[in-house]
Amino acid sequence: MKTSLFNVSVFPLKPPYILNLTKINKSKYFSWLQCSKKLYLDLNLSERKNIRPNNRQILLDLSYQFFNKKYKNQFDKLSHEDQVDKYISNNSPFYSLGAKFVNEQLTLNYDAILFENNILNIFLVKSAIYPKNYYIRELSLQKYLLSNLLNVEIKTHLILVNKEYEFSNDEIDLSKYLNFIDCTEKVNELSSDEIALNLNKIKNEFNSDKSPETPIGTHCKNPYQCNYFEYCRSDLPDYHIEQIPNQTKDLKENLVNLEITDIKKLPDLEGISPLQKRIIESVKNSKEFISKELKDILNSLTYPMYFLDFETIISPYKIFPDTKPFEPIPCMWSLHIEKQLGVKIQGMYENKLFYDRFYKFTGEDPRRDFIEKLIESVGDSGTILIYSDFEIRIFKKIAIMFPEYKEEINLIINRCVDLLKITRNNYYHPKFKGSFSLKSVSKILTKENRYDLDFVNSGDDASRVLIDLITNNIDTNQRKQIENDLLKYAEKDTLNLVDLYKHLKSVSQFM
Ligand code: SF4
């Protein structure tokens with residue numbers, strides 16, 4: 001060994017914190033990759049946990065299975081890191097899973113290590129299809145640390161999921177399901193000075209008593225929306241310039257130079273898009289924007305009117321045969337139906353609503369029943385309002401799965417109208433705060449439809465809970481409540497769609 005890994009000068013981290021490089025979901029290292037303030041908050045506001053599905057652990061287990069199957073009878077499997085140096089010195093091949101290098105201040109985990117032909121290969125497992133820059137940064141740090149410890153050539157690899165793999169009733173073929181990507185060249189492009197500097201930054205965050213003053217930015221949503229998203233915005237103006245969507249580099253620079261963070265205080269800006277202009281003006285005038293065209297667009301929709309929303313699951317591992325990793329699997333739909341134009345009461349069109357839905361939590365493949373029941377429920381005439389083109393994309397996938405329904409599905413697609421597109425192009429309310437998500441839009445609608453359930457309050461929650469219900473990975477005492485929450489959530493989504501339509505219809509009459 002060259003030296004003790006843990007004498008590396010950049011690591012006098014404050015105990016009891018442990019830097020665990022591989023536990024990405026709660027990793028302090030990962031926090032730092034998104035933002036140094038997030039790292040600080042993760043360390044100091046421990047009650048705020050990032051709860052995400054445990055896909056990585058499943059992938060890690062499958063990767064371990066792969067290594068054990070492939071190398072068990074060929075190479076020694078090392079379970080103690082102190083054997084590593086001896087094996088490398090003797091040029092004896094080995095592999096090690098979940099190797100942990102420890103000193104009193106720091107623990108480093110490596111998903112898999114394989115020493116073969118005098119080369120040490122580091123493998124980092126991610127529940128993803130495509131390599132991302134921050135995986136390369138994570139690998140570069142792993143390599144940097146080991147190269148300070150061991151005198152050996154090191155290659156770095158990612159283990160991802162092969163999106164083309166087809167699940168069947170047979171056992172998974174791991175050699176085809178796992179996607180091994182050699183990242184050595186990319187990792188080597190990063191300079192070790194930069195890595196050492198980054199490590200020093202991490203050290204400073206660990207030792208600091210004060211939260212860093214990191215400004216909010218695009219990193220707050222990349223790669224995931226940060227847990228502290230609202231927290232970091234609590235002292236900002238209600239209408240922060242961040243709410244101006246699709247900012248180009250020039251616009252960002254312009255806004256930084258102006259040193260104004262409140263949209264209300266912005267001067268007239270040049271070179272902005274019609275949507276950006278509309279949002280800024282709407283906020284500055286505290287007035288909703290309603291286009292002249294909105295009335296005609298809504299009047300062109302035909303009754304009976306359907307309001308449709310799908311819930312799907314997306315999983316890297318097998319839930320049903322005849323699916324691929326990360327392929328959206330349609331499992332539930334919610335449908336409100338208004339058979340004719342309502343009567344105007346206090347400026348709003350009121351009418352009797354009918355409700356229909358489909359779900360199957362039994363663990364059987366729901367896809368055929370999903371489409372058969374939907375075809376029956378939407379009949380053959382009337383507009384079907386959806387919010388985004390997601391449902392159309394799913395319909396197209398279902399048409400490939402069940403070609404016998406292709407014709408009927410195409411007729412349904414032709415009746416679909418995207419209310420998100422209509423809203424984005426023709427309406428804005430300052431309370432949207434730059435977002436057209438149904439959740440943001442619902443803020444101007446009736447209070448009864450707000451998302452305030454215990455278990456399901458977002459599409460992500462719905463997808464995660466659906467997987468848990470279908471795979472029966474759920475506490476039996478909570479199952480009924482979770483099922484009810486999920487059904488209520490789906491119903492709220494389409495009810496919000498109805499209310500948005502009614503709101504647009506009533507405000508457009510004044511134009
Ligand atoms: S919300 Fe943004 S600025 Fe705040 S901790 Fe998260 S990533 Fe950092």
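In listed order, ligands and their atoms are each counted from 1.
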| message | Given Ile329, which partner from the list Thr312, Ile314, Thr323 fulfils the side chain to side chain contact (heavy atoms under 4.5 Å, CB included) test? | response | Thr323
| query | Which of these, Thr471, Leu466, Leu469, sits in a side chain to side chain contact (heavy atoms under 4.5 Å, CB included) with Ile313? | reply | Leu466
Contact atoms of ligand 1, heavy-atom distance to [X] under 4.0 Å:
X	answer
Cys226	1 (S), 5 (S), 6 (Fe), 7 (S)
Tyr228	1 (S)
Arg233	1 (S)

| query | Of the backbone and side-chain N, O or S atoms of His219, does one lie nearer to atom 6 (Fe) of ligand 1 than 2.8 Å? | reply | no
| From atom 4 (Fe) of ligand 1 out to just under 2.8 Å, does an N/O/S atom of Cys232 turn up? | yes
| request: Step by step, work out the side chain to side chain contact (heavy atoms under 4.5 Å, CB included) result for Lys324 and Tyr165. | output: CA-CA 6 Å; Lys324 289 181 178 177; Tyr165 185 81; over 6 Å; no
| query | Would you call the rings of Phe432 and His429 parallel, tilted or perpendicular, where under 30° means parallel and over 60° means perpendicular? | reply | tilted
| query | About how many Å separate NZ of Lys252 and CD1 of Ile244, when rounded to the nearest 0.5 Å? | reply | 11.5 Å
